[in-house]
Each structure stands twice: as C-alpha cells, then as structure tokens.
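Read the numbers this way: they start at 1 and go in the same order the structure lists the ligands and their atoms. Keep in mind the model is a prediction, meaning the values are calculated, not measured.
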Amino acid sequence: MTRALILGGTADASLLAAEIARAGQDAIYSYGGRTRAPADQPLPTRIGGFGGVSGLADYIRREAITHVIDATHPFAAEMSRNAVDACAETGTPLIALERAPWTRAPGDNWIEIPDVNAAVAVLPEAPAKVFLAIGRQHIAPFAAKPQHTYTLRFVDPPETPLLFSADVIVSRGPFTLDGELEMMRRRGITWIVARNSGGDGARAKIDAARMLGLPVIMISRPRRPERLRVESVAEIMQWLGHRTCLGA
Ligand code: 3Y8
Ligand code: NAP
C-alpha cells in the first residue's frame, strides 16, 4: 500500500498535493515551519523539522512511509541532502520535483554569482535603490553597504529590528508582472537581487527588470545531491503508479 511523504513548501508542492488528493492517494504534506500561516493543503499536514537525518528516518519508519517526494525549493539544500541520506538508510524510494532554473532571455542584464555574500560586492559604492527579493534569512551581509535605500520582501512581518534601515513589503506571492512593474517604478528601483528559484511564482520580478532595463544580481542555486529528479506533477503521479491523461 503506497503512503507518500511530500516535503513541500513551494507552489509546485501545492499543485502536487492537489493532484494526489484528487487521486485519493494516501499522503502526508510537510512544511518546515518557516512561516506563521502556511497555505492549507488538501492532505494531512505536519509542520516543523524532523530532527536531522535520523529524525526523518525515524519518521519514515514510524509513519510507514513507502515513497518520499522532495518538492522543496531549489535553495532548500539541507532538506534535500537529509532526504537522500534518510531514504538510503531506510531503503525508501525518493524522487525530487524540481523546476528548471530561469535562463537569460534577450534583454536580460544579469550578473550571476555563486552565493548571497558575493552579491554585496557587486553593488555599487554610490547610493542606489536596491530591491532584495531573497526573503529574510540571508539579508545580514547587506549591512556592509548601508548607503543604499533597500526594499525587502518577506512572507511575514519582521519580528526583530533589521540590521540596517530598509522598507519591508510583506507578501507571500505569487507575484504579477503589473504588480512588480508598479512597485519598481514607484520606488525608483535601480538594482534587484534575486535567487534563481525558477518556477512561475516569483518570475514576474525578472520579467519586470528586463522591461525596465534594470540589472539583476542573480544568485545561482546551491549544489544539490544526485537523486531522481523530474519537473512535472504528471511524472510524479506516474512514478507513484497513477496513469495520468496524456500531456497532463
Ligand atoms: C514556508 C509556504 C504558493 C507558495 C508561494 C514558489 C513561489 C512565492 C519564490 C520574492 C521571492 C523567497 C521566499 C519565495 C518563493 C513562492 C511560494 C516561493 C521567495 C512560501 C511558504 C514558505 C516559504 C518559506 C520562505 C523562506 C524564504 C522563501 C520568501 C507558505 C510562501 C524569498 C525565496 O520568513 C522566512 O523565514 C521565509 C523563509 C524560506 C527564503 C528566505 O530565506 O527568507 N520562502 N515560502 C515553507 C515551509 O515552512 O516549509 O507559507 O504557504 C512558499 C513560496 N515561496 O503556494 O504559491 O516558487 O514556490 N519564498 C527565494 O526565491 O529567494 C520570494 O519575494 O520575489
Ligand atoms: P533548508 O535550509 O534546506 O532546511 C533546513 C531544515 O529545515 C531542514 O534540515 C529541516 O529540519 C527543516 N525543513 C526544511 N524544509 C522542511 C519541510 N518541508 N518539512 C519539514 N522540515 C523541513 O530549508 P529552507 O531553505 O529553510 O526552506 C524551508 C522551507 O521553505 C522548505 O519547505 C522550502 O520548500 C520552503 N521554501 C524555501 C525557499 C528558500 O528560498 N529556501 C523558498 C521557498 C520555499 P530538520 O533537519 O530538523 O529535519
């Protein structure tokens, strides 16, 4: 009897959960507990870490999980590593639902960098208006260049004072092109810092930057462990043994 664990937290994971619920497949949806009010899912849901590799392995055994689907974000590298190790330890089949990275289109002005710390060095010395679309966990390095006017975007309001003065937009996405264009024009944004998340939920800012001719400091994805990886919900359903209508 199949019982799947979805490591979720992304728009794609929500789409998968809806398909799995429609198919009547026994599954549990898991959030890391990063946001105060994560979106409801049509499946039994757990929230919070497992307690490392051993905690996840114990969970898999205790809950008699037969399949694990890593549908976390491309930057959730630790969760993905833990899933590979825990599934190897318990002999549980694992697959990743991972969307392709965004690629440059004609007109894009990207400066690609390996990690967020390199982003600060790319910013100019002269004061600029910078949109940091990288959430809250990795903004500390920007305190090194307080001369800029920063706009941050968080899912939840900040609980602690920021390390530098900045204007915070509280919004969980997905975002629209018109909304991003209006925000960037109104704030006179001249630089954007983004992670190469891929997917549609946060792509609008990249398209808006191109239309406005703005430079994007694009943080490349961290290396992820090798594991079976697909890009569509239909392929996950087939992996679980469900026939899906062709071209789904
Ligand atoms: C808790 C689940 C949906 C979900 C929306 C997608 C789309 C918006 C792209 C910008 C970039 C950012 C951030 C972002 C994206 C979607 C999707 C995606 C980027 C939720 C969610 C959880 C999280 C965690 C949160 C992180 C933060 C990152 C904001 C839910 C809304 C910036 C990543 O406050 C915090 O601590 C937030 C932490 C990890 C990265 C960071 O370091 O701050 N996501 N995002 C998941 C959990 O607890 O397991 O609350 O409902 C999911 C979404 N995030 O259904 O449409 O591509 O999936 N999320 C980045 O790309 O850099 C926003 O603002 O343009
Ligand atoms: P991470 O750094 O890879 O993981 C850190 C720890 O958080 C993991 O070791 C695990 O704790 C716990 N964790 C992460 N995802 C979990 C999940 N879905 N269910 C249960 N525990 C989870 O993860 P992250 O980058 O902070 O991302 C956290 C969540 O936000 C994930 O669900 C991810 O899909 C979502 N998200 C992240 C980003 C991003 O930019 N990173 C963007 C959008 C959405 P234990 O070791 O204790 O098990």
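Surrounding CZ of Arg223 are at most 12 heavy atoms belonging to other residues, nucleotides or ligands under 6.0 Å away.
For atom 47 (O) of ligand 2, the nearest non-hydrogen atom of the protein is Gly51 N, 2.9 Å. Ranking the protein heavy atoms by distance from atom 13 (N) of ligand 2 puts Met79 SD, 3.6 Å first. Among all non-hydrogen protein atoms, the one lying nearest atom 27 (O) of ligand 2 is Ala76 CB, 4.0 Å. Looking only at heavy atoms of the protein, atom 28 (C) of ligand 2 is closest to Arg34 CG, 3.6 Å. Scanning the protein heavy atoms around atom 11 (O) of ligand 2, the nearest turns out to be Gly49 CA, 3.6 Å. The protein atom (non-hydrogen) at minimum distance from atom 48 (O) of ligand 2 is Phe50 N, 2.7 Å. Atom 46 (O) of ligand 2 has as its closest protein heavy atom Gly52 N, 3.1 Å. From the protein, the heavy atom lying nearest to atom 6 (C) of ligand 2 is Glu78 OE1, 4.2 Å.
Distances from atom 37 (C) of ligand 2 to the heavy atoms of Arg221, Arg46, His73 put His73 nearest. Across the listed options Ala71, Gly8, Ser54, Gly199, Gly8 owns the non-hydrogen atom lying nearest to atom 32 (O) of ligand 2. Here the shortest heavy-atom distance to atom 16 (C) of ligand 2, taken over Gly32, Gly48, Ala11, belongs to Gly32. In this comparison of Ser30, Ala83, Gly9, the heavy atom closest to atom 18 (N) of ligand 2 sits on Ser30.
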Discussion item. Test side-chain hydrogen bond (donor to acceptor under 3.5 Å, both in side chains) on His73 and Ser197; report intermediate values, then the result.
Written reply: CA-CA 7 Å; His73 189 274; Ser197 308; 3.2 Å; yes
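Although no hydrogens or angles enter the test, the distance criterion places no donor-acceptor pair under 3.5 Å between the side chain of Glu180 and the main chain of Leu177. The main-chain N or O of Ala105 is found under 3.5 Å from a side-chain atom of Asp108 such that the two form a donor-acceptor pair. No side-chain donor-acceptor contact under 3.5 Å links Lys129 to the backbone of His148.
The contact shell of ligand 1, taken as protein residues with any non-hydrogen atom closer than 4.0 angstrom, comprises Gly9, Thr10, Ala11, Ser14, Tyr31, Gly32, Gly33, Arg34, Thr35, Pro38, Ala39, His73, Arg99, Ala133, Ile134, Gly135, Arg136, Gln137, His138, Arg153, Val155, Arg172, Pro174, Phe175, Arg195, Ser197, Gly201, Ala202, Lys205.
The salt bridge (charged side-chain N to carboxylate O under 4.0 Å, His left out) check on Arg224 picks up Glu98, with sequence neighbours excluded.
Proximity of Ala77 to ligand 2, defined as any heavy-atom pair under 4.0 Å, is confined to the backbone N, CA, C and O atoms.
Taking 4.5 Å as the limit, some side-chain heavy atom of Leu97 sits within range of a side-chain heavy atom of Leu16. In this structure, Phe131 and Met183 have side chains that are in contact, with non-hydrogen atoms separated by less than 4.5 Å.
By the 4.0 Å heavy-atom criterion, Gly135 is excluded from the residues contacting ligand 2.
For ligand 2, the atoms closer than 4.0 angstrom to any heavy atom of Thr10 are 34 (O). For ligand 2 and Asn82, the ligand atoms under 4.0 Å from any heavy atom of the residue are 9 (O), 46 (O). Ligand-side atoms of ligand 2 in range of Arg195: 39 (C), 40 (O), 41 (N), range being under 4.0 angstrom from any heavy atom. The ligand atoms of ligand 2 that sit less than 4.0 angstrom from a heavy atom of Gln137 are 26 (O).
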Enumerate donor-acceptor pairs with a distance under 3.5 Å from any side-chain N or O in residues 1-12 to protein atoms, sequence neighbours excluded.
| residue | atom | partner | partner atom | Å |
| --- | --- | --- | --- | --- |
| Arg3 | NE | Glu63 | O | 2.7 |
| Arg3 | NH1 | Asp26 | OD1 | 3.1 |
| Arg3 | NH1 | Asp26 | OD2 | 3.4 |
| Arg3 | NH2 | Glu63 | OE1 | 2.6 |
| Thr10 | OG1 | Ala13 | N | 3.1 |
| Thr10 | OG1 | Ala71 | O | 2.9 |
| Asp12 | OD2 | Arg99 | NH1 | 3.4 |

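Judged purely by distance below 3.5 Å, without hydrogens or angles, the side chains of Arg195 and His138 pair a donor atom with an acceptor atom.
Residue pairs satisfying the side chain to side chain donor-acceptor pair (under 3.5 Å) criterion with at least one member in residues 166-179, sequence neighbours excluded, are listed as follows: Asp167-Arg187.
A salt bridge is absent between Glu235 and Arg229: the closest approach of a Lys/Arg side-chain nitrogen to an acidic carboxylate oxygen does not fall below 4.0 angstrom.
The structure places CG of Leu94 at 6.5 Å from CG of Asp70, a figure rounded to the nearest 0.5 Å.
One hydrophobic cluster, built from ILVMFWY side chains closer than 4.5 Å, holds both Leu15 and Met237.
A cation-pi arrangement is not found for Arg203 relative to Phe175, the charged atom failing to lie both closer than 6.0 Å to the ring centre and inside a 45° cone about the ring normal.
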